[in-house]
Undergrad: 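Pasting a structure here, questions to come.
Side chains included, hydrogens not; waters and symmetry mates left out as well; all remaining heavy atoms used. Within every chain, numbering begins at 1; the chains are lettered A, B, ... in the order of the sequence lines, protein sequences first and strands thereafter.
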Amino acid sequence: MKKILLVEDSKNVIRVLKLLLKQAGYDLKIVENGVDAVETAFSWQPDIILLDIRLPKMNGFLVLETLQEDEKTTNIPVLVLSAKAEEEDIQKANQLGATEYITKPVDPDKLLGIIKKYL
Amino acid sequence: MKFNLRKKILLGYLLVVLIIIGVAGWSVYNFSSLNDAIRDIMVENYRSVIASEKMMESLERQDSGELMFLFGQAEKANQIFHENQMQFMKYLSRAEDNITIQDERHIIDSINVKYQKYISIFSKLKNRSQEKTVQEQKEFYLNSIMPIFEEIKSLTMRLLMVNQNHMRSSQQKANDNATKAIYSTLIFSSIAILTAIIFGLYIAGVIIKPVKKLTNSVRKVAAGELDQAIEVTTKDEIGRLAEEFNIMTRKLKEYEKLNVSKLLEEKKKSEGIVKSISNPIIVTDDDNKISLINYKAAQLFDVKEKQVLGSHFLENIKNDNIFELINDTLDSGEEHSDRKGEVLQFQQDQQELTFRITTTPVTDEDGKVIMVITLLEDITKLKKVDEMKSEFVSMVSHEFRTPLTSMSMGINMLLKEKAGSINDDQKELLEVAEEDCQHLSNLVDDLLDLSKMESGEIDLEFENVKVGKIFDASIKPFEQQADEKGIELARDEEIDLEVHADVNKITWVITNLIGNALRYTEEGDRIELHADKKGHKVHIAVSDNGAGIPKEYQHKIFEKFVRAGQDRDSSTGTGLGLAISKEIVEAHGGRIWVDSEEGKGSTFTFTVKLAK
């Protein structure tokens, strides 16, 4: 069973994605802030990370940077799932090592398709 | 006495003419006296001289006749004597007729007396020839006839001499007269010539001097010295001309004064206007020298108004950006006044100020740029408000997107029956919800785009690109949709025109226009794309023969959330597409407009710069 780490602070988005991803048959862990995200990524070693940018305690960009710098996590694909759609944000995320940048809202089937691509 | 120029000239000529007449008269007088002298010589004396000579000759002959008589040839002697007596009498009477000299009368009288005696003695000689001997006759001749003969001869001689002398003196007199005439004519002529010259010079002086004065003054007036007044010294035509000239100069001066004061007034007015404007303004001439600067501008650039006037822009205001814009405007004659404008950042009193620079050319009658007005608009506050607005819109859109994500994903999953099966009514309701979620999502996207465009946050990536390529990219997304709807999507073929633009943004505009057109057309309608070169611009048009736009909407169709007629209920458009299009076109330095007639269709046209 493939492991997905979902980093998201919106309760309702979590509820929908939880349903979608569990149904798709993934092992899912959910964290709601950046610090927990980094810690869980190190300890749990997920196969893929779904990362929001606007997060409490530590924002998505910092999380990306931290994961990228550590060899334990540098190879884990990170799909950024953000409500921020500005060009500069996309560029910044890509520079920091994001695998894909997906803007909210997203089509559930499209999201599943992208996840499948990196597993 | 008032002499005008005409009278002066005429008078002068009259004087010269009088002198010439005098000289001519004098010459005539001299010639006639010369003539008299010659006539004296010729007529009076010469004839007397001839007569005397002839008298001498005939007297000699008479004497010969008498001698012949003594020698017994009485007949022949009588004949000779008689002939010569006649001759003598003839010339004597001629001499008598021609008495001109004082002594002549007396001499001729004596000759007359003596000759009578001579003739009577000869008669006596003839009468006694019978009774006297030859010897006695000879003695008589020697004693009585000979002395009278000698006397007459000497008298005649005297007559000759008197006349000859008189002739000589007359000749002398004629010579003298001729010489006198030459000299006097020379003198009079010289006087006449001299007078004519002096008079000529005087007249020339009288005419030329004031004319020269006048010319000098006119020249000075022409050069702008209107204080010129000519001293009017004469009362003639030139004097009058000078007077008129003075009047003219005076009037000109008054006129100039009037104009100058008007100009000054205008100048003060414009200076006043410039000074009262709260934005910094700098006016530069065609040499980039500062001709006007207001207080605000002087304060901003930390210069003194009086010091910078007339000096070069860069000397005082060390700002290459502004100078470049001024130079551009000076060269191109085009105004730099894009809505976004060139922005200038200033650090002042630890506060960052932002100015929008607008350079406007001022042209003369020939269209040459003679001045550039540079206006700096303080948009610091505006920029702050804009930033706040952008931040706000960005935040709102983000806040909208998160709930939208769960909503749309949830609805989508329900529709795909990932949470259990649904019936048709439930499906219909969920589809409506999904459509509006999509609409809301589009709206958020567009709002964010527009906000960025409006604040000028989006950098345009200009490049030279073929219109054909833009058309291809714009049409592609709609090919299937148009086909399904049964609408013909046509474009100008072979468009080689190249434009200078941000391809993505311009494609977005055309795409938006095609999308709009598709919404207002029905099966069988046609949508066309055109491109035309007009000067330095390319006009790109998207036209359709669909519903058209009611007149009352046409002028506000580019405003936010304005939708024409039946589109109001449509859930696909956001009402921001044309507003964004307008922003994009204007950011390219172009403009966009619509020509439409209800029921016949619409044509949306925008301009974009031709590739350099």
Undergrad: For A/Leu81, is it the side chain, the backbone, both or neither that has a heavy atom under 4.5 Å from a heavy atom of chain B?
TA: neither
Undergrad: Write down the atom of B/Ile592, the atom of B/Ser581, and the distance for their closest heavy-atom approach.
TA: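 Here B/Ile592 and B/Ser581 meet closest at CD1-CB, 4.4 Å.
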Undergrad: Among the options A/Ile14, A/Val13, A/Thr103, pick out the one with the most heavy-atom pairs lying under 4.5 Å from chain B.
TA: A/Val13
Undergrad: What I'd like to find out is whether the side chain of B/Lys609 reaches to under 4.5 Å of the side chain of B/His588, using heavy atoms alone.
TA: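 Answer no - side chains too far apart.
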Undergrad: Do you know which of A/Leu20, A/Leu111, A/Asn12 has the most heavy-atom pairs with chain B at a distance under 4.5 angstrom?
TA: A/Leu20
Undergrad: Looking only at heavy atoms, which of residues 21-37 of chain A get nearer than 4.5 Å to chain B?
TA: A/Gln23
Undergrad: Would you check if B/Leu513 and B/Leu578 make a side-chain contact, meaning some heavy-atom pair closer than 4.5 Å?
TA: yes
Undergrad: Using a cut-off of under 4.5 Å for heavy-atom pairs, which of A/Glu8, A/Arg15, A/Arg54 has the most such pairs with chain B?
TA: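 Winner by heavy-atom pair count: A/Arg54.
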Undergrad: Would you mind telling me which of B/Val499, B/Ile506, B/Leu610 makes a side-chain contact (heavy atoms from CB on, under 4.5 Å) with B/Val467?
TA: B/Val499
Undergrad: For the pair B/Phe462 and B/His500, name the ring-plane relationship: parallel under 30°, tilted 30 to 60°, perpendicular over 60°.
TA: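 The rings of B/Phe462 and B/His500 lie parallel, inter-plane angle below 30°.
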Undergrad: Can you tell which part of A/Asp52 gets under 4.5 Å to a heavy atom of chain B, answering side chain, backbone, both or neither?
TA: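 Interface part for A/Asp52: neither.
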Undergrad: Please flag which part of B/Ser441 lies under 4.5 Å from any non-hydrogen atom of chain A: side chain, backbone, both or neither.
TA: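 For B/Ser441, the contact with chain A is made by the side chain alone.
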Undergrad: Where does A/Leu112 contact chain B at under 4.5 Å (heavy atoms): side chain, backbone, both or neither?
TA: side chain
Undergrad: Spell out, as yes or no, whether a donor-acceptor pair under 3.5 Å connects the side chain of A/Lys3 to the backbone of A/Trp44.
TA: yes
Undergrad: Can a donor-acceptor pair be found, under 3.5 Å and without considering hydrogens, that links the side chain of B/Gln438 to the backbone of B/Ser408?
TA: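 Between the backbone of B/Ser408 and the side chain of B/Gln438 there is no qualifying donor-acceptor contact (under 3.5 Å).
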Undergrad: Strictly below 4.0 Å, N to O, side chains only: are A/Asp109 and A/Lys116 in salt-bridge contact?
TA: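 No.
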Undergrad: I'd like to check A/Leu55 versus A/Val7 (side-chain heavy atoms, cut-off strictly below 4.5 Å). Are they in contact?
TA: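 Of all side-chain heavy-atom pairs linking A/Val7 with A/Leu55, at least one is under 4.5 Å.
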